[in-house]
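Everything on this sheet refers to the single structure shown next.
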Amino acid sequence: MNASFQILERIKQCSKLRLSIQGKSLHAFVIKTGLDQHLPLYPNALIDMYGKCGHLKHAVKLFDEMPDRDLVSWASIFTAHNQANFPRQTLFLFSRMLSRDGLQPDHFIFASLVKACACLSASKLGQQLHAQFVLSRFSDDDVVKSSLVDFYAKCGLPDQASKVFHSIVSKNVVSWTSLVYGYARIGRKNEALELLHDMPCKNVQSWTALISGFVQGGHCTESFRLFNQLRSEGIDIEEPFVLSILIVGSSSLAIDVLSAEKIFGSLRERDVVSWTSIIVGMAQHGRANEALSLYDDMTKAGSRPNEVTFTGLIYACSHVGLVEKGRQIFESMIADYGLSPSLQHYTCLVDLYSRARHIEEAENVLNTMPFKPDEAAWAALLSACSSQAGKNETGVRIANHLLQLGVEDPSTCVLMSKIYASATMWESVSTVRRLMTGMESKKKPGYSCVDLGKENEVFYAGETTRHLMKDEIVDLLKELDSEMRKRGYKPDTSLVLHDMGEEEKERQLFWHSERLAVAYGLLKSARGAPIRIIKNLRVCGDCHTVLKLVCSIVGREIVVRDANRFHHFKDGACSCRDFW
DNA sequence: GTAGGGTTAG
């Protein structure tokens, strides 16, 4: 019996230290010696070990072969999926746990489920779990509470996070840090800093959480100011972790002083994450050639790219129409690096082909890839069909398919409606319009934030805006409008949903938040400086046209980060090449 | 005495 417990101890060590090779040989040993027949608690410890060492498949295999699974088995398999970044699968498996094994969650299960919800920002489900947890006999558990703090922080609900936080009996660095992150993410700087100040146990991670919270929430200027402040106070934060975040932060601002390239250049040691950060940053800004040449440097420097690196690279190729290069990179990822492409990689590949108008190839990828294509993947192809003459038949087929599948993104609806309209399928057009009206009522209010370095100003859509400089803003927008019309601009009202006259629809467009923000930026920023806008939703088609015209009329660069990507408007064109 | 949970990067 002693020997069994010794083996167990060693398996635990392997989990903890992520020693997958030793773990595997222990597994082999257990089978060879027949210990698996006697070993108590077999194979939960092995499932945990495989999960922690990143061998999800092995963990799942052992789990599936188990005749009787207990809560520990389920908790281990949930953690394995969370760690492999499959939070959806965790939640799916939970429903199986209830239905198949009839087990009720304990505190371990609650914690891993809440974590999955946090990863997905699944606020409704997470709150349901919270309610269930409160009613359970585990409601005193501090770790679950801590996971809830993180969950609310990631969902952008710091007040809820704080409520749970204060109910924690023995608060530790994890619970504190989660709340700091929550405040930072939503831009509540003073609260974040105060909390950090009061924190008895702060470490490098806490500072990092603060900075990354600001970056994630789009408050990039703030994160740099903080970074400088911390440096001047002698706090040791020059570790690759923070710098990687700052590379992301600086590439989302496209600023000069501490630009991503500069930070990257100053790194003493470059790991796969810092290389990937700079590559992704370049790719997002449409600077594909720089991204590709950095990739060359990376491999020459002996750093091994991973899945995320490849996402960035294919994305980069896709933006400049380097179809062949993108395909090669995709293949090299599998053949040279032994990585298995995820749904996201396939979606990037579809995007690559679609943007280059290689519609058959794109459709072929969708039909043969080992994943069920999601809405984003179909939408990439649909977009190509709608902008290419003669591809309407394919477009209609895909739109029909999407209609059956269920659509969630209004921009997909816009594409579908375009396709149906050009096929004169009016009945389908109105079906899609009805769908969109339903979405409209659920839509978050759109806003744009103009970043002027020292200050930020947020604008919401609509003429009720009560801004001190409203008159100046409107005058400038009118002036720009008439100049744009001289250059052939015709408002595209096809995306305005409300049932109203054409003129009224144009008025709606005129008051879109990004225009107000750009006008204010033009009035307030230093001459010649780029105007930087952060928008919570996607830029609409009409605003995209307007911004292209405005940048050439005023001779200024306009950078918009919307919900999906960056748009660099310069000399009448956009870095997204009108495909977003 | 035995196994499972929560913070920060791309």
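Small disclaimer: the values here were computed from a predicted structure and weren't measured.
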* To do: Describe the nucleic acid contact of A:E307 in one word from base, sugar-phosphate, nothing, applying a heavy-atom distance below 4.0 Å.
  => nothing
* Does a side-chain N or O from A:Q216 land closer than 4.0 Å to OP1 or OP2 of B:dA9, or not? -> yes
* Nucleotide nearest A:S178 when distance is taken to its side chain, options B:dT7, B:dG5, B:dG4 -> B:dT7
* Ignoring hydrogens and angles, state whether a donor on the side chain of A:S147 or A:D150 is under 3.5 Å from an acceptor on the partner side chain. => no
* At under 4.0 Å between heavy atoms, what does A:T177 touch on the DNA or RNA strands: base, sugar-phosphate, or nothing? -> base
* Rounded to the nearest Å, what distance is computed from the CG atom of residue A:L8 to the C1' atom of nucleotide B:dT2? -> 6 Å
* With a non-hydrogen cut-off below 4.0 angstrom, is A:V149 in contact with a base, only sugar-phosphate, or nothing? -> nothing
* Grab the CG-C1' distance between A:D150 and B:dG5 for me, whole Å please. => 13 Å
* Which nucleotide sits closest to the side chain of A:V174: B:dA3, B:dG4, B:dG6? -> B:dG6
* **Nearest-nucleotide pick for A:S147, side chain only, options being B:dT7, B:dG5, B:dG6** => B:dG6
* Do any side-chain nitrogens or oxygens of A:K52 fall under 4.0 Å of OP1 or OP2 in B:dG5? -> yes
* Asked: Quick one: is B:dA9 close enough that its OP1 or OP2 comes under 4.0 Å of any side-chain N or O from A:S212?
  -> yes
* Using whole Å, report how far CD1 of A:I77 lies from P of B:dA3. => 18 Å
* Rounded to the nearest Å, what distance is computed from the CZ atom of residue A:F5 to the C1' atom of nucleotide B:dG1? -> 7 Å
* Asked: Checking only heavy atoms, does the side chain of A:N306 share a donor-acceptor pair with the base of B:dG10 at less than 3.5 Å?
  -> yes
* Asked: Under 4.0 Å between a side-chain N or O of A:K115 and OP1 or OP2 of B:dT7?
  -> yes
* Atom CZ of A:F133 and atom P of B:dG5: how far apart are they, to the nearest Å? -> 17 Å
* Asked: Counting heavy atoms not belonging to A:R10, are there more than 12 under 6.0 Å from its CZ?
  -> no
* Heavy atoms under 4.0 Å, any strand shown: does A:D141 hit a base, just sugar-phosphate, or nothing? -> base
* **N/O donor-acceptor pair, side chain A:D106 with base B:dG5, under 3.5 angstrom** => no
* To do: Answer with base, sugar-phosphate or nothing: what part of the nucleic acid does A:V280 contact at a heavy-atom distance below 4.0 Å?
  => sugar-phosphate
* Nearest to the side chain of A:V272, which nucleotide is it out of B:dG5, B:dG10, B:dT8? -> B:dG10
* Report which part of the nucleic acid A:K154 touches: base, sugar-phosphate, or nothing (heavy-atom distance under 4.0 Å, all strands). => sugar-phosphate
* To do: Go through B:dG6, B:dG10, B:dT2 for me and flag the one nearest to the A:K12 side chain.
  => B:dT2
N/O donor to acceptor pairs below 3.5 angstrom from side-chain atoms of residues 114-126 of chain A, sequence neighbours left out:
none

* Asked: Rounded to the nearest Å, what distance is computed from the CG atom of residue A:L46 to the P atom of nucleotide B:dG4?
  -> 12 Å
* Asked: What about A:N172, does its side chain sit under 3.5 Å from the base of B:dG6 through a donor-acceptor pair?
  -> yes
* Taking every non-hydrogen atom, the tightest pair across A:M49 and A:C14 -> CG-CB, 3.9 Å
* Pick base, sugar-phosphate or nothing for A:L71, based on heavy-atom distances below 4.0 Å to the nucleic acid. => base
* To do: May I ask you to decide whether A:R188 forms a salt bridge with A:D159, counting only side-chain N to carboxylate O separations under 4.0 Å?
  => yes
* Using a cut-off of 4.0 Å on non-hydrogen atoms, how would the nucleic acid contact of A:V180 be classed: base, sugar-phosphate, or nothing? -> nothing
* Look at the side chain of A:N82 and the backbone N and O of A:S112, then say whether any donor-acceptor pair between them is shorter than 3.5 Å. => yes
* Asked: Donor-acceptor pair under 3.5 Å: do we get one between A:S277's side chain and the base of B:dG10?
  -> no
* Within this structure, what is the CD-to-C1' distance between A:Q6 and B:dG1, rounded to whole angstrom? -> 13 Å
* Aromatic rings A:H55 and A:Y50: how do their planes relate, parallel, tilted or perpendicular, breaks at 30° and 60°? -> perpendicular
* Structure fact -> A:A111 has its side chain closest, among B:dT8, B:dA3, B:dG5, to B:dG5
* Value in whole Å for how far the C1' atom of B:dG10 lies from CE of A:M298 -> 10 Å
